**Q** 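Sharing a structure, written as structure tokens. Questions coming.
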Amino acid sequence: MSKKDVEEMIQQAAVAGAQVASDTMLVAQRRAEKERIDRRLHNTELLLRNYRTLKASCENAVYESRDSKREEVTEILEDIMEMKDDKVIVESIKASAKRTALMVQHIDKMLDVYRIYCSKLSEKDKRRYKVIKLLYISKQSMNITEISKKFSVSKVTIYEDLKIAKERLSSLFFGIDGLRFF
């Protein structure tokens, strides 16, 4: 084997090694991104599921300025994303009346944005908002069977509506990081 052959083999091995490392990093990045998005969707579900409880535990609070309120909501959302245990997340929000009030205000505002968004689209989109409202927001909740009967659609359709609505709400609740890009 000549020196040239050895150098060529080393170069090929280096290229192959770099490609494997690059592929491994790409797979790890995609996995981390998927986990982050899954966690945001999970946390959106958690906030919706506990909305009535959070709303009931809210007390009126006075805020110093709109900027401090905005920063506080951002901090709360970041804290939620770092927590792994559902019970800890809910208890953390409920522990502070101010945090609870801010989160409920944020959720209410984003639900209103979603309602307006849906009102300008198809009947399916309008139904998706109504499904979220009936299941999680309104004082008298309905279950999936009742909702499917109300809209004369299958339960599968209601579950699909929920999935799509939660994905859209996730992007509203958590901003650009809530969107799926792949």
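Bear in mind that the values here come from a model prediction, so they are computed numbers and not experimental data.
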**Q** Counting C-beta onward and ignoring hydrogens, is there a side-chain heavy-atom pair between Leu169 and Tyr129 closer than 4.5 Å?
**A** no
**Q** Taking atom types as modelled, is there a side-chain donor on Thr157 or Ser154 under 3.5 Å from an acceptor on the other?
**A**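 Result is yes, a qualifying pair exists.
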**Q** State the OG-CE distance between Ser171 and Met110, to the nearest 0.5 angstrom.
**A**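 Separation between the atoms: 10.0 Å.
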**Q** Which distance, rounded to the nearest 0.5 Å, do you find between the NZ of Lys4 and the CD of Gln11?
**A** 11.0 Å
**Q** Let me see the working for Arg127 and Asp161 under side chain to side chain contact (heavy atoms under 4.5 Å, CB included), right down to the final yes or no.
**A** CA-CA 8 Å; Arg127 183 184 66 226; Asp161 285 348; 2.5 Å; yes
**Q** Any side-chain donor-acceptor pair under 3.5 Å between Asn50 and Thr53?
**A** no
**Q** Between Lys109 and Asp112 (salt bridge meaning N to carboxylate O under 4.0 Å), is one present in this structure?
**A**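 Answer for the salt bridge query: no.
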**Q** Just verifying a value: how many Å separate Ile137 CD1 and Arg115 CZ, rounded to the nearest 0.5 Å?
**A**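 It comes to 13.0 Å.
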**Q** Considering only residues two or more places apart or on different chains, which pairs with a residue in residues 42-52 satisfy salt bridge (charged side-chain N to carboxylate O under 4.0 Å, His left out)?
**A**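 Every salt bridge (charged side-chain N to carboxylate O under 4.0 Å, His left out) pair that includes a residue of residues 42-52, provided the two are not neighbours, is Glu45-Arg49, Glu45-Lys166, Arg49-Asp86.
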**Q** Working to the nearest 0.5 angstrom, can you tell me the gap between Lys3 NZ and Glu7 CD?
**A**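 Between Lys3 NZ and Glu7 CD, I get 5.5 Å after rounding to 0.5 Å.
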**Q** Out of curiosity, Phe173 CZ to Arg40 CZ, how far, rounded to the nearest 0.5 Å?
**A**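 These two atoms lie 13.0 Å from each other.
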**Q** Report yes or no: does Asn43 contribute a side-chain atom to a donor-acceptor pair with the main-chain N or O of Leu46 at less than 3.5 Å?
**A** no
**Q** Hey, does Phe174 have a side-chain heavy atom less than 4.5 Å from the side chain of Leu41?
**A** no
**Q** Side chains of Arg168 and Arg128: closer than 4.5 Å at any heavy-atom pair?
**A** yes
**Q** Are the side chain of Ser119 and the backbone of Ile116 linked by a donor-acceptor contact shorter than 3.5 Å?
**A**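 Checking the backbone N and O of Ile116 against the side chain of Ser119, a donor-acceptor pair under 3.5 Å is found.
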**Q** Can you list the steps and then say if Leu134 with Lys150 is a side chain to side chain contact (heavy atoms under 4.5 Å, CB included)?
**A** CA-CA 10 Å; Leu134 290 169; Lys150 178 177 177 67; 3.7 Å; yes
**Q** For residues Leu135 and Ser141, report the shortest heavy-atom separation together with the two atoms involved.
**A** O-CB, 4.0 Å
**Q** Quick one: CG on Leu111 to CG on Leu172, what's the gap to the nearest 0.5 Å?
**A**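 Going from the CG atom of Leu111 to the CG atom of Leu172 covers 8.5 Å.
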**Q** Does a donor on one side chain sit under 3.5 Å from an acceptor on the other, for Asp108 and Tyr51?
**A** yes
**Q** If you draw a 6.0 Å radius around NZ in Lys126, do more than 12 non-hydrogen atoms from other residues or ligands fall strictly inside?
**A**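 Yes, the 6.0 Å shell around NZ holds more than 12 heavy atoms from other groups.
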**Q** Under 4.5 Å between side-chain heavy atoms, counting indirect links through other Ile/Leu/Val/Met/Phe/Trp/Tyr residues: same cluster for Ile144 and Ile164 or not?
**A** no
